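Let me begin by presenting the structure, written as structure tokens, before commenting on it.
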Amino acid sequence: MMECASTPQAGRSCKETFNLYYYPANADIATDHFPKWMENPWIKVDTVAADTLVRRNGRMGGASMRSNVKTLRLGPLKESGFYLAFLDQGACMAVLAVRVYYRLCPAVVASLASFPETVPAGLVVSAEGSCVEGAEGSLGRRPIMYCREDGEWAKPAAGDCICVAGREEKDGRTKCSACPPGSFKPKVGELPCQICPPSSLSTSAGATVCNCKVGYYRATGDPVTAPCTKPPSSPRSIVSSLNGSTVDLDWSEPLDSGGRSDLYYEVRCSEYAAGGGWIPCTRLSFVQRPEKLKERKLSVSGLRPQVIYNFRVLALNGVSETNGAAAMGEELNVTIDRDLPNAVTGIQQLAASTSSLSLKWKTPGPPPSPSRGTVLDYEVKYYEKDQEDPRIMYLKTPANETTLSELRARTMYAVQVRARSEAGYGAFSGESVFQTLELDPEKAQPQVELIAGTVGVGTLLILIVVVIAVLCVRKHGSNKEPEYSDKPGQYLIGHNTKLYIDPFTYEDPNEAVREFAKEIDASYVKIEEVIGAGEFGEVCRGRLKVPGKKENYVAIKTLKGGYTERQRREFLSEASIMGQFHHPNIIHLEGVITNNSPVMIITEYMENGALDSFLRQNDGQFTPIQLVGMLRGIASGMRYLAEMNYVHRDLAARNILVNSNLVCKVSDFGLSRFLQEGSTDPTYTSCLGGKIPIRWTAPEAIAFRKFTSSSDVWGYGIVMWEVMSFGERPYWDMSNQDVINAIEQDYRLPAPPDCPSALHQLMLDCWQRDRASRPRFTEIVSALDKLIRNPASLKITTREQPGSSQPLLDQRTPHYSSFSSVGEWLHAIKMGRYEEGFRTAGFTTFSRVRQITTEYVMVAGRGLVVPWRGRL
Ligand code: AMP
């Protein structure tokens, strides 16, 4: 396009634009004269101006030589073609090229729908798509996408297609692929295919459900997403116990629950008909309906003698019905034989020695049919009571008495007896427990005291000489197994009772360790978990497997790294002490590991841990008989230690360990916590010459360090109190000084709630100021045995004896009812200084004071009213 200004000769008619027209037509109909050269019929598209013009002044080239490009839009067009006309009205120009084209949106697959090639007639055009194979329009709507005028699809399209069941979206929502074998998709939707649930499978692609493998089922209500399950295996070990005409059936869970939690049982009963053949049971009554039983037991009554009953117990679950095969169950035949002897009762001890027990029992009552029911003989079953896996022994005897021999000394034996008639064995009696005598128990301890007490210093000197002599012998001694040898350095007192040797009397304490503790190969020990913190390092549970022996759980005390030689000696001294003791109520030393790091002490494992925390965790859960049983064990262990001349000094429930059979064992033979600079445990208070657990310690031991077996008896009394109060802290939150003052003023701990009076009396005996008046452990064991043999004596508690309700301080105090005011009473019992405290707390009348008997009372020495659990 020429610039007009540079072509003045063109004059005023010169133009720098031209007009574009078009004429739509369905066929090539135009001639020179048709259509007429004028707007309408021609339709004007636009007047087109050039962006750059060419100048004639010779300055051609560069930008001015650029051709102009214009894009013009025609339409809308309905006809199949059109003519174009360029109207030049005075411009000097040249049309170099004309391109005619249109735009369209290409066919596309998106959002699980395919959209056709679409020409955008107008600014945007909506195109309807169709769902791809395996997809369907949701809510019956077809998906829509918009094609823009520039040939681009407007996104997003309204996606209304979703994959059907058995197919899942793939490749950016462009297709619905069939679920591969091993997976499934249960319904239409956007969720992907899922792996088949356990015990089900899909073998071909596109599964909407996974079918159960052979032998597995789904119950009617189970969703298709649930795993396939199977009926349970049979119940196991059905046992029956006959009691008159009633049978109690009891069985164990099936080994395989079939993978379901809706297990139940059904008991089917048939009886053997007189004419032969089995018929459904008649005239029996069931405590519960024998179908859909959740519990693993059932009582059936009304059994008739001589009839054979067959009980079949089936284990069933939700798929038992779906499964065609009938459940087999376990079965058991039961007959009441009227001629079986009755259960034996009344087993009594006639005599006992260190290795035998003579017993007698009642002859069972006359059976209904004397011809067949006469007792032919008895079977006696007996075993060691405190053993975890005892060896059960049997003995037969024609008479209603026998002697069990070759028993171990001072060991409890459980005994059961049953009678046999021609018809067979009757039921076993309940378990009765008897104990063999100790090896000369009476002589052991008194002898020591006799030596020390009457013969005095001279004899002690002789003893020391003997110790030295024997120590010398030991140096040349052989390396015998500690359990079986009479260790050099120990004397025999009475029969076989050895004296304890303080490992620190050895020139080299390591020698004591070698003497009393077995060295265990570190590879035999497997540590499993930390169970506590000891004085010197962690306490762990683990397993000990010595080749050729059964694997056992053990407790492993470790000595943490960075120890001094002295700490190592103190740590191992516990093993040297423990290794000298062999008693069922003393923690048993397995051995030590000293030539490997870390140094370890290995003992038997006590599943229930320390007694104090065990009781607190099981508050109120044990009967007095059980508690007395525990106390008896502790007393028996202490009796043994006293016989060995060992003074424990730290007898407390925290130092008693409990195993899974509730057997209590004395532990903690370490000395370090008594040493002045040792632990920082507040239980142990620094006193002149060492640390002392004040609340557990006898006054003479606190005052002038007089530690004896009699001071251990005081501690035992405190343990009794801890046990009977299920782990309560002795003297609650009183300060140590208040405890010392209260004891000095003859205050003693009151009976714990529901504590049998006899036990509290025994505690008070242990807390006698005069140590010679305290009972010895032998006497304590006998007293407890007496209570165990006569459980009725444990039923009497302080609470049931209002007349003898314990006054606060001691039994000499007059009863409050003889005073006219609380203040007067307090003065009379030398507690006048608490009058103010009582008044402040509102305890101004006796009726108020009586109400608070178990709640509050004053603490000696301070004039405070504090929570108190005792009785006034
Ligand atoms: P000790 O250093 O002996 O007081 O042990 C610390 C803690 O470890 C105890 O209070 C128990 O909880 C636990 N413990 C020690 N020995 C044993 C064992 N033989 N069996 C189970 N637990 C134990």
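Note: hydrogens, waters and symmetry copies are ignored here, and every other heavy atom, side chains too, is used. Since we're looking at a predicted model, the values are computed, not measured. One-based numbering along the sequence shown. Ligands are counted one by one from 1 in listed order, and the atoms in each one are counted from 1 as well.
Side-chain atoms of His760 come within 3.5 Å of backbone N or O of Leu749 as a donor-acceptor pair.
Side-chain contact between Asn736 and Tyr731 is absent, with no heavy atoms from C-beta onward closer than 4.5 Å.
By the criterion of a heavy-atom distance under 4.0 Å, the backbone of Ala533, and not its side chain, is placed next to ligand 1.
Distances between N or O atoms of Asn655 and those of ligand 1 include no value under 3.5 Å. Looking at Thr603 next to ligand 1, an N or O pair under 3.5 Å apart turns up. For ligand 1, the polar-atom distance check against Gly609 finds no nitrogen or oxygen pair separated by under 3.5 Å. Residue Tyr605 has no N or O atom closer than 3.5 Å to an N or O atom of ligand 1. The N/O atoms of Asp668, backbone and side chain alike, include one that comes under 3.5 Å of an N/O atom in ligand 1.
Here is the list of ligand 1 atoms found below 4.0 Å of a heavy atom in Ile531: 21 (C), 22 (N), 23 (C). Counting the atoms of ligand 1 from 1 in the order shown, those under 4.0 Å from a heavy atom of Gly534 are 2 (O). For ligand 1, the atoms closer than 4.0 angstrom to any heavy atom of Val539 are 5 (O), 6 (C), 8 (O), 14 (N), 15 (C). Ligand-side atoms of ligand 1 in range of Ala555: 17 (C), 18 (C), 19 (N), 20 (N), range being under 4.0 angstrom from any heavy atom.
Among all protein heavy atoms, the one lying closest to atom 10 (O) of ligand 1 is Ala610 CB, 3.9 Å. Among all protein heavy atoms, the one lying closest to atom 16 (N) of ligand 1 is Leu657 CD1, 3.6 Å. The protein atom (non-hydrogen) at minimum distance from atom 20 (N) of ligand 1 is Met606 N, 2.9 Å.
For atom 19 (N) of ligand 1, the nearest non-hydrogen atom from the set Arg654, Lys557, Glu604, Glu574 comes from Glu604.
The pair Arg616-Glu728 fails the salt-bridge criterion, with no side-chain N (NZ, NE, NH1 or NH2) lying under 4.0 Å from an Asp/Glu carboxylate O.
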Does the side chain to side chain donor-acceptor pair (under 3.5 Å) test come out yes or no for Glu722 and Trp696, once each step is laid out?
CA-CA 10 Å; Glu722 291 184 273; Trp696 284 265; 2.8 Å; yes
Pair Asn741-Gln737, side chain to side chain donor-acceptor pair (under 3.5 Å): steps then yes or no
CA-CA 6 Å; Asn741 293 347; Gln737 193 53 54; 3.2 Å; yes
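Heavy atoms of Ser613 come nearer than 4.0 angstrom to ligand 1 in no pair at all.
Side-chain atoms of Tyr605 and Glu590 include no donor-acceptor pair closer than 3.5 Å. Side chains of Thr594 and Glu519: a donor on one and an acceptor on the other come within 3.5 Å.
Nearest heavy-atom pair across Pro547 and Tyr524 is CD-CZ, 3.3 Å.
The number of heavy-atom neighbours closer than 6.0 Å to NZ of Lys545, taken from other residues, nucleotides and ligands shown, is above 12.
Glu779 is linked by a side chain to side chain contact (heavy atoms under 4.5 Å, CB included) to Pro775, Arg776, counting only residues two or more places apart in sequence or in another chain.
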